[in-house]
Amino acid sequence: MITSFSHPSRWSFAIASIFFSGFVACDKSEPPSPEKPAGSVATSAVVQAGTIRASGSSALQPLVNAAKERFEAANKGASVEVSAGGSKKGLADVASGAAQIGSSDIFAPDDLKGQLVDHKVAVVGFAAMANKGPFNEKAPAPTMEQLAKVFKGEIKDWKDIGGTAQPIIVINRAAGSGTRTVFGNVVLGGDKFVESQTEDNSGALVAKLKQTKGAISYLALSFKDDSLLTLSIKTDAGVVEPTEASIIAGKYPIWSYEHMYTKGEPTGLTKAFLDYIGSADFQKGVIPTVKGFIPVTEMKVTREKD
């Protein structure tokens, strides 16, 4: 909310001056640093001090951190604590009251929909990413069927999808991960992953992939790393790369909404933070600068479930 003040017509000039100078003295907000996108926070003059906690999706964490940085800079005394742990943990935390915001790559389950309010804040794509080496540098993009067989454990060597001989080592996200849910539903038709080692968050998974020869997993495009191989998909219409344009047009299918759930309608500091993330300043000025994320309003296709 932007609060405006009109010049009083009948009050004395002295009283108005005292009020105005006191207001300015209390507002110690600082604008975002010049080298960063604008993303100004319109509520900076009226937001109360306090702390809110956002828990959940590690895929969404880079975007929440970008919002936190700008929001706190413009609202001295306000603090946003951001933690990962997976979408299902975020949903459980917000439902229990342990967090004010539950960050999630997936829609809330039916048993929580009556309690939680969904705030769709962005769209993010996901892709299979792998340890990069001579064994897969010439591998063509797999079909969705081949990709599913890799993660089901039915295709076990890079030579079987156009590379050279090297065992494929699947690394999964833990069962509470929204990334796992989205990728599994779109590519495998459910949680049908081969039993394998797991990682609890996306950052640790990137490091593990870099260290493990022949390894493959799946990550949000916000964690795309040039030292990893990011796989495109072969379709009847040709090879489709996991790009912003192909996701917006509905050509690349592995994507999800990024949700920030609250228990009931948000109030106070939580509402101010979510209002900022939903503002044109953030949606148009900040989201396009954060790798891997797309404003919801840009999408030409919609999705009603994961």
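We use all heavy atoms of the structure for the numbers below, so side chains are in, but hydrogens, waters and symmetry mates are not.
- The two atoms that bring A59 and A220 nearest to each other are CB-CB, 3.6 Å, heavy atoms only.
- Side chains of R70 and N75 form no contact here, defined as non-hydrogen atoms less than 4.5 Å apart.
- Contact check for L209 versus L219: side-chain heavy atoms found under the 4.5 Å cut-off.
- The nearest pair of heavy atoms linking S55 to A99 is CB-CB, 4.0 Å.
- One hydrophobic cluster holds both V240 and I161 under the rule that ILVMFWY side chains link at heavy-atom gaps under 4.5 Å.
- From L112, atom CG reaches atom NZ of K263 across 9.5 Å, with rounding to the nearest 0.5 Å.
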Please lay out, stage by stage, how D200 and R173 fare under the test side-chain contact (heavy atoms from CB on, under 4.5 Å). CA-CA 6 Å; D200 288 337; R173 286 293 308 278; 5.8 Å; no

Evaluate I287 against I294 for side-chain contact (heavy atoms from CB on, under 4.5 Å), listing each step before the verdict. CA-CA 7 Å; I287 287 182; I294 302 169; 5.7 Å; no

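- Residue pairs meeting the ring pair (Phe, Tyr, Trp, His ring centres under 6.0 Å) criterion with at least one partner in residues 214-258, sequence neighbours excluded, are F151-Y218, F183-Y218, F193-Y218, W255-Y257.
- The OG1 atom of T243 sits 9.0 Å away from atom NZ of K251, with the distance rounded to the nearest 0.5 Å.
- Atom NZ of K132 has more than 12 neighbouring heavy atoms from other residues, nucleotides or ligands inside a 6.0 Å radius.
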As a quick check of understanding, evaluate side-chain hydrogen bond (donor to acceptor under 3.5 Å, both in side chains) for T198 and R180, giving each step before the final call. CA-CA 11 Å; T198 63; R180 175 175 176 142; over 6 Å; no

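- Side chain of T270 to backbone of P266: no donor-acceptor contact under 3.5 angstrom is found.
- Looking only at atom types and distance, the side chain of S196 has a donor-acceptor partner in the side chain of N172 under 3.5 Å away.
- Screening S256, P253, S222 for a side-chain contact (heavy atoms from CB on, under 4.5 Å) involving F126 leaves a single residue, S256.
- In this structure, K68 places its NZ atom where more than 12 heavy-atom neighbours from other residues, nucleotides or ligands lie under 6.0 Å away.
- When every heavy atom of E199 is checked against every heavy atom of A204, the shortest pair comes out as OE1-CB, 3.5 Å.
- Contact of the N131 side chain with the I216 side chain is not registered, since no non-hydrogen atoms from C-beta on lie closer than 4.5 Å.
- Distance alone, capped at 3.5 Å, is enough to place a donor-acceptor pair between the N136 side chain and the G133 backbone.
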What verdict does the side-chain contact (heavy atoms from CB on, under 4.5 Å) test give for F293 and E244, after you've listed the backbone C-alpha separation in whole Å, the side-chain angles of each residue and the deciding distance to 0.1 Å? CA-CA 8 Å; F293 292 95; E244 180 177 321; over 6 Å; no

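- Between L91 and P109 the shortest heavy-atom distance is CD1-CD, 4.0 Å.
- Side-chain contact check for V296 versus V121: every heavy-atom pair is 4.5 Å or farther apart.
- Once rounded to the nearest 0.5 Å, the distance linking CD of E258 with CD1 of I106 reads 10.5 Å.
- Atom OG1 of T143 sits about 8.0 Å away from atom NZ of K149, to the nearest 0.5 Å.
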Kindly indicate, with the supporting measurements, whether the criterion side-chain contact (heavy atoms from CB on, under 4.5 Å) is fulfilled by L229 and M129. CA-CA 5 Å; L229 174 69; M129 299 187 197; over 6 Å; no

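- Scanning all heavy atoms of the two residues, the minimum distance from S202 to S58 falls at OG-OG, 2.9 Å.
- Residue E195 qualifies as open at atom CD: its count of foreign heavy atoms under 6.0 Å is 12 or below.
- More than 12 heavy atoms of other shown residues, nucleotides or ligands fall within 6.0 angstrom of atom NZ in K152.
- Using a 4.5 Å heavy-atom cutoff, the side chains of Q100 and T262 are not in contact.
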For side-chain hydrogen bond (donor to acceptor under 3.5 Å, both in side chains), just list the numbers for H259 and S103, CA-CA rounded to whole Å, side-chain angles, deciding distance to a tenth of an Å, and then say yes or no. CA-CA 6 Å; H259 312 260; S103 301; over 6 Å; no

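- Put simply, I155 and M144 are part of the same group of oily side chains (I, L, V, M, F, W, Y) that touch within less than 4.5 Å, one to the next.
- You'll find the side chain of L221 reaches within 4.5 Å of the side chain of P242, heavy atoms only.
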Show the numbers, then the answer: is there a salt bridge (charged side-chain N to carboxylate O under 4.0 Å, His left out) between D225 and K210? CA-CA 10 Å; D225 191 301; K210 291 179 181 181; 2.9 Å; yes

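- With rounding to the nearest 0.5 angstrom, the CD atom of E304 is 5.5 Å from the OG1 atom of T302.
- Taking 4.5 Å as the limit, some side-chain heavy atom of N65 sits within range of a side-chain heavy atom of Q61.
- Taking both residues in full, the closest heavy atoms of A66 and V286 are given as CB-CG1, 4.4 Å, listed atom of the first, atom of the second, then distance.
- Using a 3.5 Å distance cut-off with no hydrogens or angles, the side chains of D105 and S57 do pair a donor with an acceptor.
- Annotation for Q283: atom CD counts as buried by contact number, over 12 foreign heavy atoms lying within 6.0 Å.
- With contacts defined as side-chain heavy-atom distances shorter than 4.5 Å, the pair Q166/K213 qualifies.
- By the criterion of side-chain heavy atoms lying less than 4.5 angstrom apart, applied directly or through intervening Ile, Leu, Val, Met, Phe, Trp or Tyr residues, V290 is grouped together with I248 in one hydrophobic cluster.
- Considering CD1 of I277 and CG of L63, their distance stands at 6.5 Å, rounded to 0.5 Å.
- Under a cut-off of 6.0 angstrom, the local environment of CG in D111 is crowded, with over 12 non-hydrogen atoms contributed by other residues, nucleotides or ligands.
- The residue from I101, D118, D93 that alone fulfils the side-chain contact (heavy atoms from CB on, under 4.5 Å) condition with Y261 is D118.
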